[in-house]
Amino acid sequence: MRALVCREYGSFENLAIEEWDDPVPGEGEVVFDVRAAGLNFADILGIAGQYQVKEPPPFIAGNEAAGVVSAIGPGVTRLKIGDRIIGALRGGAFAEKSVVSEAAAFPLPDGMDYARGAAFTVAYTTSYHALTDSARLQARDTVLVLPPAGRVGSAAGEPAK
């Protein structure tokens, strides 16, 4: 498969598309064909070697993706081949295929396209956490989201409602 590989920490401009071995699902994991992947600030930090969890190069970056299950590992009970999913990953999204634990894979809701699904796990959960845990948003509170808010800020509108 083709993947966007980080061979050394630095700028995202140093990444290269390379051939990489197809992932194989382990116990409780599924492989899915990536149809869309989200790009986040955490990905840029990881590529630069500045994220709190450092993946040693070489690695495939990307922490969120959406696609179609193509292989199932032992112990998987909730998902089947052909299911449309959103994957909350710890790397590996910037490739044609990725592997995710069944516990971190969620059905892509009917009517949601792959691009929106791929932007869901990091952007939406970060905005939800910021509003509920950090800001402790309550009913009738007012939330102002400014235009240059980025994906996390833009995603704040739905959970704020």
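FYI, the numbering just counts along the sequence from 1.
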Trainee: Can a donor-acceptor pair be found, under 3.5 Å and without considering hydrogens, that links the side chain of Asp83 to the backbone of Val69?
Mentor: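 Flag not set: sc Asp83 to bb Val69 has no pair under 3.5 Å.
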Trainee: So which heavy atom on Ala66 is nearest to which on Gly117, and how close?
Mentor: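 Answer, listing the atom of Ala66 first, then Gly117: CB-C, 4.0 Å.
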Trainee: Determine yes or no for a side-chain-to-main-chain donor-acceptor pair under 3.5 angstrom, with Ser101 supplying the side chain and Ala104 the backbone.
Mentor: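 Confirmed, Ser101 side chain pairs with Ala104 backbone.
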Trainee: Of the non-hydrogen atoms in Pro109 and Ile86, which two are nearest, and what is the gap between them?
Mentor: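 For Pro109 versus Ile86, the nearest heavy atoms are CD-CD1, 4.2 Å.
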Trainee: Just checking, any donor-acceptor pair under 3.5 angstrom between side chains of Asn63 and Asn40?
Mentor: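 Looking only at side-chain atoms, Asn40 and Asn63 do not form any donor-acceptor pair under 3.5 Å.
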Trainee: Begin with the C-alpha distance, continue with both residues' side-chain angles, and end with the deciding distance and a verdict on side-chain contact (heavy atoms from CB on, under 4.5 Å) for Leu108 and Tyr114.
Mentor: CA-CA 8 Å; Leu108 186 67; Tyr114 292 109; 3.7 Å; yes
Trainee: Check whether Glu64 reaches the backbone of Gly62 with its side chain - one donor and one acceptor, N or O, closer than 3.5 Å.
Mentor: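 The answer is no, because no donor-acceptor pair under 3.5 Å joins these two groups.
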Trainee: Take a 6.0 Å sphere around CD1 of Ile81 and say whether it holds more than 12 heavy atoms from other residues, nucleotides or ligands.
Mentor: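 Enclosed: over 12 neighbouring heavy atoms sit under 6.0 Å from CD1 of Ile81.
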Trainee: Is there a path of hydrophobic side-chain contacts, each under 4.5 Å between heavy atoms, that joins Val53 and Phe41?
Mentor: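 Yes, it is one cluster - the side chains of Val53 and Phe41 are joined through contacts under 4.5 Å.
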Trainee: Measuring from Phe12:CZ to Ile47:CD1, what's the distance to the nearest 0.5 Å?
Mentor: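 Rounded to the nearest 0.5 Å, the CZ-CD1 separation comes to 8.5 Å.
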Trainee: Looking only at heavy atoms, what is the nearest atom pair of Gly87 and Thr121, with distance?
Mentor: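 Smallest heavy-atom distance, with atoms named: O-OG1, 4.0 Å.
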Trainee: Verify the cluster assignment for Met1 and Ile72: are they in a single hydrophobic cluster under the rule of side-chain heavy atoms below 4.5 Å apart?
Mentor: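 Different clusters: Met1 never reaches Ile72 through Ile, Leu, Val, Met, Phe, Trp or Tyr contacts under 4.5 Å.
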Trainee: Is the closest side-chain heavy-atom distance between Glu55 and Cys6 below 4.5 Å?
Mentor: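 Side chain of Glu55 against side chain of Cys6, heavy atoms only: no contact under 4.5 Å found.
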Trainee: Could you tell me if the side chain of Ile60 sits less than 4.5 Å from the side chain of Phe94, heavy atoms only?
Mentor: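 The answer is yes, as the side chains (C-beta and beyond) meet within the 4.5 Å cut-off.
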Trainee: Is the number of heavy atoms from other residues, nucleotides or ligands within 6.0 Å of CG (Asp141) greater than 12?
Mentor: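 Yes, the 6.0 Å shell around CG holds more than 12 heavy atoms from other groups.
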Trainee: Check whether any side-chain heavy atom of Arg35 sits under 4.5 Å from a side-chain heavy atom of Val68, and report yes or no.
Mentor: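 Yes, side chains in contact.
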Trainee: Under the 3.5 angstrom rule, does the side chain of Lys97 hit a backbone N or O of Asp33 as a donor-acceptor pair?
Mentor: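 No; judged by distance alone, with no hydrogens or angles, the pair does not exist.
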Trainee: Could you check whether atom CZ of Arg116 has more than 12 heavy atoms from other residues, nucleotides or ligands sitting under 6.0 Å from it?
Mentor: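 Counting neighbours around CZ of Arg116, 12 or fewer heavy atoms of other residues, nucleotides or ligands fall under 6.0 Å, so no.
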Trainee: Following the transitive rule for hydrophobic clusters with a side-chain heavy-atom cut-off under 4.5 Å over Ile, Leu, Val, Met, Phe, Trp and Tyr, establish whether Phe106 and Val100 coincide in one cluster.
Mentor: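 Phe106 and Val100: separate clusters.
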Trainee: Which pair of heavy atoms, one from Gly73 and one from Pro25, lies closest together, and at what distance?
Mentor: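 Nearest pair, atom of Gly73 first, then Pro25: N-CB, 3.6 Å.
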Trainee: What verdict does the side-chain contact (heavy atoms from CB on, under 4.5 Å) test give for Arg7 and Phe59, after you've listed the backbone C-alpha separation in whole Å, the side-chain angles of each residue and the deciding distance to 0.1 Å?
Mentor: CA-CA 7 Å; Arg7 292 229 164 255; Phe59 65 90; over 6 Å; no
Trainee: List the steps, then state whether side-chain contact (heavy atoms from CB on, under 4.5 Å) holds for Val24 with Val31.
Mentor: CA-CA 7 Å; Val24 176; Val31 170; 5.8 Å; no
Trainee: Tell me whether Leu4 shares a hydrophobic cluster with Trp20, the cluster being built from Ile, Leu, Val, Met, Phe, Trp, Tyr side chains joined at under 4.5 Å.
Mentor: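 Yes; tracing contacts between hydrophobic side chains, which count when under 4.5 Å, links both residues.
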Trainee: Show your reasoning for whether side-chain contact (heavy atoms from CB on, under 4.5 Å) applies to Val5 and Leu15.
Mentor: CA-CA 6 Å; Val5 178; Leu15 301 178; over 6 Å; no
Trainee: Whether the side chain of Glu18 engages the backbone of Ala3 through a donor-acceptor N/O pair (distance < 3.5 Å, no angle test) should be reported.
Mentor: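 No; zero donor-acceptor contacts below 3.5 Å.
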Trainee: When you measure from the side chain of Arg84 to the backbone N and O of Met112, does any donor-acceptor pair fall under 3.5 Å?
Mentor: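 Pair found, side chain donor or acceptor close to backbone of Met112.
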Trainee: Quick check for you: to the nearest 0.5 Å, what is the distance between Gln138 atom CD and Leu131 atom CG?
Mentor: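 Here the interatomic distance stands at 11.5 Å.
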Trainee: Checking Arg2 side chain against Glu96 main chain: does a donor-acceptor pair fall under 3.5 Å?
Mentor: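 No: the side chain of Arg2 does not pair with the backbone of Glu96.
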Trainee: Closest heavy-atom contact between Ala65 and Ala93?
Mentor: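 Heavy-atom minimum between the residues: CB-CB, 3.9 Å.
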Trainee: Quick one: are Val30 and Val99 in side-chain contact, heavy atoms under 4.5 Å?
Mentor: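 They are not in side-chain contact.
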Trainee: Is there a side-chain contact between Leu89 and Ser98 in this structure, where contact means two heavy atoms from C-beta onward sitting under 4.5 Å apart?
Mentor: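 Contact flag for Leu89/Ser98 side chains = yes.
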